[in-house]
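First the structure, in the form of structure tokens, and then the observations on it.
Just so it is clear, the model here is predicted, and its values are computed rather than measured.
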Amino acid sequence: MGNKKVTYSTASPRETVELGRRLGRLLNPGDVVGVTGPLGSGKTWFAKGVGIGLGVPEETVITSPSFALVNEYPGRVTFFHMDLYRMAGLDEALSAGLEEYLHTDGVALVEWADHCPGLVPARALLVTVVISGPEQRTIALSGENPRAGELIDALLRVQGSPNETPSR
């Protein structure tokens with residue numbers, strides 16, 4: 001299967017959370033989402049939405065696990081929220097046991113996935129968040145595997161075309 005990609009624009013953190021929520025509702029046990037983007041781009045806002053979509057109670061505060069490396073949240077599927085920002089590379093991530101979270105019956109979302117090339121499995125859906133204005137973000141979802149293609153197609157059905165404004 002060739003590379004499949006869709007790009008959305010959001011105009012606020014709330015819209016970024018909503019896009020993540022819609023994706024989260026589509027994720028199944030064993031799915032992995034690798035998220036990249038610069039500091040302050042909204043990776044954690046997107047992750048919060050994914051968690052909500054996975055059934056993590058909305059009153060639960062989903063925070064970036066920069067110092068803990070992994071936060072675990074119960075939902076309809078266990079949500080493992082990982083942050084590789086402080087990782088020096090793949091060897092350090094493997095020594096910390098992070099790979100185990102990518103092969104569970106939960107859903108793993110990996111912020112700063114590009115900090116440890118080779119850690120995020122080929123079956124992952126890749127998400128790139130780019131700052132396109134003070135509150136605006138461009139969010140590209142892609143993957144070169146059947147599951148990523150299924151998720152992108154399903155998201156297009158529930159989110160609509162990238163040219164449409166996300167419903168509020």
Side-chain angles (χ1 to χ4, degrees), residues 7-121 123-143 148 151 155 166:
T7 302
Y8 289 97
S9 295
T10 62
S12 68
R14 187 174 59 75
E15 287 185 9
T16 299
V17 169
E18 178 60 18
L19 180 61
R21 183 190 69 79
R22 289 180 182 204
L23 174 63
R25 294 180 78 187
L26 301 170
L27 296 170
N28 293 324
D31 283 337
V32 177
V33 179
V35 184
T36 62
L39 277 171
S41 62
K43 295 179 298 296
T44 301
W45 287 114
F46 185 81
K48 288 177 188 211
V50 169
I52 292 166
L54 286 168
V56 174
E58 290 197 40
E59 63 273 9
T60 300
V61 179
I62 296 174
T63 59
S64 181
S66 295
F67 293 99
L69 300 180
V70 181
N71 288 338
E72 181 177 334
Y73 302 97
R76 72 171 169 80
V77 176
T78 302
F79 178 43
F80 299 105
H81 181 195
M82 303 169 63
D83 187 319
L84 304 180
Y85 182 71
R86 301 195 182 289
M87 289 282 108
L90 181 59
D91 288 341
E92 185 178 356
L94 294 173
S95 294
L98 297 182
E99 185 179 29
E100 294 173 29
Y101 293 97
L102 305 175
H103 304 286
T104 68
D105 58 358
V107 167
L109 182 140
V110 183
E111 288 191 44
W112 297 99
D114 51 338
H115 276 219
C116 298
L119 180 67
V120 175
R123 71 178 193 282
L125 175 68
L126 305 177
V127 177
T128 304
V129 184
V130 176
I131 299 169
S132 49
E135 299 268 320
Q136 296 79 24
R137 301 297 183 259
T138 301
I139 302 171
L141 294 88
S142 64
L151 287 167
L155 187 62

Among residues at least two apart in sequence or on other chains, which ones pass side-chain contact (heavy atoms from CB on, under 4.5 Å) with Thr63?
Val61, Asn71, Tyr73
Listed once per pair and sorted, the side chain to side chain donor-acceptor pair (under 3.5 Å) pairs that draw on residues 93-111, sequence neighbours left out:
Thr44-Glu111, His81-Glu111
Which heavy-atom pair separates Glu135 from Ala11 by the least distance, and what is that distance?
CB-O, 3.3 Å
Distance, nearest 0.5 Å, that separates CD1 of Ile139 from OG1 of Thr128
10.0 Å
Looking only at heavy atoms, the pair that brings Met82 and Ala108 closest together is SD-CB, 4.5 Å
Nearest atoms (heavy-atom pairs only) where Ala148 meets Gly143
CB-CA, 3.6 Å
Once you round to the nearest 0.5 Å, how far does CZ of Arg21 lie from CG of Leu26?
10.0 Å
Looking at Val129, is its backbone amide N or carbonyl O close enough to the side chain of Lys43 to form a donor-acceptor pair, meaning the two atoms are under 3.5 Å apart?
no
Donor-acceptor pair, distance only, cut-off 3.5 Å: does the side chain of Arg137 make one with the backbone of Pro13?
no
Does Leu98 reach the side chain of Leu84, with side-chain heavy atoms less than 4.5 Å apart?
yes
Pairing residues for Trp112 by the ring-ring contact (aromatic ring centres under 6.0 Å, His included) criterion, not counting sequence neighbours
Tyr85, His115
Evaluate side-chain contact (heavy atoms from CB on, under 4.5 Å) for Leu109 paired with Leu27, printing each intermediate quantity in order.
CA-CA 11 Å; Leu109 182 140; Leu27 296 170; over 6 Å; no
Please tell me if the side chains of Leu19 and Leu155 come closer than 4.5 Å, counting only heavy atoms from C-beta onward.
yes
Run Val17 and Ile52 through side-chain contact (heavy atoms from CB on, under 4.5 Å) and show every step you take.
CA-CA 9 Å; Val17 169; Ile52 292 166; 4.2 Å; yes
Any side-chain heavy-atom pair of Asn28 and Val77 under 4.5 Å
no
Do you know the tightest heavy-atom contact between Ala113 and Gly34?
CB-CA, 3.8 Å
Got a second to check how far Leu141's CG is from Tyr8's OH, nearest 0.5 Å?
7.5 Å
Under-4.0 Å salt bridge between Glu18 and Arg22:
yes
With no hydrogens and no angle check, is any side-chain donor or acceptor of Arg123 less than 3.5 Å from a backbone partner on Gly30?
yes
Under the side-chain contact (heavy atoms from CB on, under 4.5 Å) rule, what do Val35 and Val50 come out as? Steps first, then yes or no, please.
CA-CA 11 Å; Val35 184; Val50 169; over 6 Å; no
How close do Gly42 and Thr16 get, counting heavy atoms only, and between which atoms?
O-CG2, 3.8 Å
Ile131 to Gly40 - nearest heavy-atom pair and separation
CD1-O, 4.0 Å
Compare all side-chain heavy atoms of Leu151 with those of Val33 and state whether any distance is below 4.5 angstrom.
no
